Structures are given as structure tokens and as C-alpha cells.
Q: 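One structure coming up, written as C-alpha cells, with questions to follow.
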Amino acid sequence: MGSVSVDLRSASTGELVGRVDVSGETRRWGLPSTQAWLRSRLGMRETRARERITLARQRHRLPRVATMLAAGELSYGHASTVADAVARLDDEDCASAEKLLLDMVDQGFSAGKVAAFGRRIRDVIPSATAPINPTPSRSAGTSGPGSTPPGP
């Protein structure tokens with residue numbers, strides 16, 4: 001079986017995991033979570049189960065990844081790496097990150113290199129690193145642009 005076949009099978013399994021996760025069926029089966037189902041009933045290691053759940057939960061925010069994975073144009077390793085990188089981003093930043101990370105894939109970077117970059121994605125996407133309150137409070141002793149720092 002070729003790697004594309006394995007990736008297509010993984011994509012199908014990912015869709016199933018997503019449906020089971022959203023439906024809450026695992027509780028009806030007496031299991032506390034989708035991860036418990038993957039581990040106990042499908043024999044997955046914890047890391048693999050977490051990877052599957054993350055991709056299933058992020059698919060709707062990663063339209064290009066989902067389409068490419070389903071078409072056999074993206075490896076499961078790359079798809080799960082992108083999903084993991086965007087899991088803590090808001091939707092706007094997620095779209096930017098998806099584009100950046102898929103550009104790396106197109107350039108031939110391995111899933112490991114994409115993952116290393118993905119761990120630092122918040123440093124690269126401007127809105128992900130923007131402060132919540134961009135105007136510092138002068139009463140707190142901070143100085144703004146063009147002001148003189150407080151003296152000793």
C-alpha cells in the first residue's frame with residue numbers, strides 16, 4: 001500500500017473521529033471521551049489519539065488542508081502538523097497560519113520542519129502577538145514612543 005493510500009485512509013478515519021467527537025457517542029458507550037475510545041477500542045497510543053482528535057477538531061478551520069488531505073495531495077503528517085500549530089489561534093490567525101504552513105509544504109519542507117516552525121507560529125503572525133491593550137498606561141510608569149523614560 002502506497003503512502004497516498006495510507007494518507008487517504010487516515011483522512012477517512014479522521015472524518016469518523018470528528019463525527020464521533022461531535023456526537024458525544026463515546027459517553028453513550030460508557031467512555032469518558034473520544035480519546036478514551038481511540039485508545040481503548042481502536043488500540044491507539046495516547047499521542048496518536050490526541051493527534052487524530054486535534055486534526056478532527058481543526059478541519060473546519062483548515063479548508064485547504066481538509067481538501068488537499070481528502071484528495072491525497074497532502075500527507076497526513078503534514079495535515080496533523082498544521083492542525084496542531086493552529087489549535088491555539090483565533091480564526092483570522094488560523095487562516096494566515098494555514099497559508100504560511102502550506103507554503104512551506106509546497107516548498108518541500110518535511111513535517112518535522114513545518115512542526116518546528118508551527119511551534120513558533122505566534123511569533124510570526126502579527127495579530128497573534130499584538131498586545132490586548134496596545135496603548136500602555138502612563139500611570140503605570142511605562143513610557144510610550146517619543147517620551148522620556150523615567151529617571152532614577
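Not measured: the values here are computed from a predicted model. When reading the values below, keep in mind they use all heavy atoms of this one structure, side chains included, and skip hydrogens, waters and symmetry mates.
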Q: Could you tell me if the side chain of M68 sits less than 4.5 Å from the side chain of L102, heavy atoms only?
A: yes
Q: What distance do R50 atom CZ and Q35 atom CD have between them, rounded to the nearest 0.5 Å?
A: 6.0 Å
Q: Any idea which heavy atoms bring L101 and A85 closest together, and the distance?
A: CD1-CB, 3.6 Å
Q: Let me confirm one number: the OG1-CE distance from T81 to M104, rounded to the nearest 0.5 Å.
A: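 If I round to the nearest 0.5 Å, the distance is 10.5 Å.
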Q: Going by atom type alone, with no hydrogens or angles, which donor-acceptor pairs under 3.5 Å involve a side-chain atom of residues 105-121 and a protein atom two or more places apart or on another chain?
A:
unit_1	atom_1	unit_2	atom_2	d
S110	OG	G112	N	3.4
S110	OG	K113	N	3.1

Q: If you take all heavy atoms of L74 and H78, which pair is closest and at what distance?
A: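 Smallest heavy-atom distance, with atoms named: CD1-CB, 3.6 Å.
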Q: Side chains of L62 and C94: closer than 4.5 Å at any heavy-atom pair?
A: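 Yes, at least one pair of side-chain atoms sits under 4.5 Å.
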Q: Within the 4.5 Å heavy-atom criterion, are L55 and L69 side-chain neighbours or not?
A: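 Counting from C-beta outward, L55 and L69 do come under 4.5 Å.
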Q: Linking Ile, Leu, Val, Met, Phe, Trp and Tyr through side-chain heavy atoms less than 4.5 Å apart, which residues share a cluster with L42?
A: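 Same cluster as L42: L16, V17, V20, W29, L31, W37, L38, M44, I53.
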Q: For residues K99 and R64, report the shortest heavy-atom separation together with the two atoms involved.
A: CA-NH1, 4.1 Å
Q: Where do R59 and A66 come nearest, in terms of heavy atoms and distance?
A: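 That would be O-CB, 4.2 Å.
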Q: Any ion pair linking R61 and E98 (charged N to carboxylate O, less than 4.0 Å)?
A: no
Q: Residues two or more places apart in sequence or in another chain: which of them pass side-chain contact (heavy atoms from CB on, under 4.5 Å) with S23?
A: E25
Q: Let me confirm one number: the OG-CZ distance from S80 to R48, rounded to the nearest 0.5 Å.
A: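 Here the rounded value is 8.0 Å.
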